[in-house]
2 protein chains.
Amino acid sequence: MMVETKKILEEKGIRATQQRLAVYQYLSSHKNHPTVEMIYSSLHPEMPSLSKTTLYNTLKLFSEKQLALALTIDGDEVRFDGDTSDHGHCKCRRCGKVFDFPLSSADMGTLPEGFRRESSHVYVWGICGDCRK
Amino acid sequence: MMVETKKILEEKGIRATQQRLAVYQYLSSHKNHPTVEMIYSSLHPEMPSLSKTTLYNTLKLFSEKQLALALTIDGDEVRFDGDTSDHGHCKCRRCGKVFDFPLSSADMGTLPEGFRRESSHVYVWGICGDCRK
DNA sequence: GTATCTGCAAAACATTTGCAATTCT
DNA sequence: AGAATTGCAAATGTTTTGCAGATAC
């Protein structure tokens with residue numbers, strides 16, 4: 001399993017260091033769109049040498065190599081998502097949770113003449129089912 | 001025209017101060033999705049007393065009162081849009097320009113069971129027509 | 001063995017806060 | 001007059017940078 005993870009990183013041309021493996025595995029097993037702080041707080045106790053500098057470096061690298069998405073659903077904090085498939089995110093303004101949802105495959109509008117789309121994000125705000133009960 | 005602007009603010013329950021009128025008029029006449037810095041640099045020469053604190057206060061107030069949208073297409077800077085109608089934004093990764101585009105009225109995916117949508121943003125990245133020539 | 005990566009401390013930035021002076025109605 | 005707003009300076013919080021030592025292949 002550790003071996004598998006190593007392969008995934010190396011296929012993307014990323015040297016598999018302990019720190020990067022730990023971050024990758026964290027993102028793979030935590031689908032709650034963690035912030036940098038959440039990841040750090042969770043990994044640091046077991047890996048005291050892990051620094052925030054490295055965490056920032058690693059997350060930036062993962063975003064660039066398409067191993068993670070950097071979500072800016074809130075302007076004041078970046079959240080990360082290990083699921084890089086095409087999907088939208090919605091956030092409940094009451095409980096603060098972020099949920100995934102599938103995007104309709106169809107178009108989502110008419111882009112300007114000649115614009116070539118490479119990637120996109122859809123963010124929705126509102127109130128989730130639990131909070132409306 | 002100044003009178004009109006004043007009315008618009010007051011209808012939203014916002015006291016029409018000089019600073020707020022200036023910011024509102026700036027947003028009305030600059031549709032290029034300016035950052036805080038761009039707005040400040042542009043207004044400050046003509047209104048030297050305008051502080052960034054007030055600018056931040058004003059932009060936050062406008063966002064809350066639906067007089068402007070706060071766009072976080074880039075995680076590291078907030079941009080503002082005086083056009084609060086429903087539309088998407090796309091950014092060219094080569095020239096950096098941000099363009100508006102209409103959203104298809106249809107759904108943009110299936111939200112989680114029970115989630116009530118209040119607002120949404122759609123961001124698209126790619127290369128614009130001019131940069132592809 | 002050598003290039004890359006890590007982590008510390010400091011720097012750089014953007015945004016917020018406390019508060020006294022000013023401005024609106 | 002009285003409440004709301006402004007703007008300064010300081011605080012806060014996040015992300016970046018420089019660089020010496022450690023690590024991976």
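Residues Y40(B) and L43(B) fall within the same hydrophobic cluster, defined by Ile, Leu, Val, Met, Phe, Trp and Tyr side chains chained together at heavy-atom separations under 4.5 Å. Following chains of ILVMFWY side-chain contacts shorter than 4.5 Å, one can reach F101(B) starting from F99(B), so the two form part of one hydrophobic cluster.
For H33(B), the ring pair (Phe, Tyr, Trp, His ring centres under 6.0 Å) test picks out H89(B), with sequence neighbours left out. In this view, D86(A) satisfies the side-chain hydrogen bond (donor to acceptor under 3.5 Å, both in side chains) rule with no residue, not counting sequence neighbours. Among residues two or more places apart in sequence or in another chain, the side-chain contact (heavy atoms from CB on, under 4.5 Å) test is passed with S29(B) by none. Applying the side-chain contact (heavy atoms from CB on, under 4.5 Å) criterion to T54(B), with sequence neighbours excluded, gives Q19(B), L50(B), S51(B), T58(B). Partners of Y24(B) by ring pair (Phe, Tyr, Trp, His ring centres under 6.0 Å), not counting sequence neighbours: none found. With sequence neighbours excluded, no residue forms a ring pair (Phe, Tyr, Trp, His ring centres under 6.0 Å) with F80(B).
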Would you tabulate the nitrogen or oxygen pairs shorter than 3.5 Å linking the protein to nucleotides 19-24 of chain D?
none

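Only S49(A), L50(A), S51(A), T53(A), T54(A), listed by number, bring a heavy atom of residues 42-60 of chain A to less than 4.0 angstrom from any atom of DNA chain C. A heavy atom closer than 4.0 Å to some atom of DNA chain C occurs in V78(B), these being the qualifying members of residues 61-83 of chain B.
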Please tabulate, one pair per line, all N/O donor-acceptor pairs under 3.5 Å involving side-chain atoms of residues 62-70 of chain B, not counting sequence neighbours.
| unit_1 | atom_1 | unit_2 | atom_2 | d |
| --- | --- | --- | --- | --- |
| S63(B) | OG | L59(B) | O | 3.0 |

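Mapping heavy-atom proximity under 4.0 Å, the span of DNA chain C touched by chain A runs 5' to 3' from dT4(C) to dA9(C).
A rotation axis mapping the C1' atoms of four pairs onto the next four is fitted at both ends of the helix from dG1(C)-dC25(D) to dT25(C)-dA1(D) over five pairs, and the angle between these axes is 40° to 10 degrees.
R116(A) places no side-chain N or O within 3.5 Å of a backbone atom of G126(B) that could act as its donor or acceptor partner. For R20(B) (side chain) and R15(B) (main-chain N/O), a donor-acceptor pair under 3.5 Å exists by modelled atom type.
A straight line from CD of E37(A) to C1' of dT12(D) spans 14 Å, rounded to a whole angstrom.
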Determine whether D74(A) and K91(A) satisfy the following criterion, salt bridge (charged side-chain N to carboxylate O under 4.0 Å, His left out), listing intermediate values before the conclusion.
CA-CA 9 Å; D74(A) 293 303; K91(A) 180 171 182 173; 2.5 Å; yes
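Remark: L61(B) CG to I14(B) CD1 distance equals 4.5 Å, nearest 0.5 Å.
Atom NZ of K97(B) has 12 or fewer heavy atoms from other residues, nucleotides or ligands within 6.0 Å.
In this pair, Y123(A) and H121(A) present their aromatic rings perpendicular. The plane angle is above 60°, beyond the 30 to 60° band.
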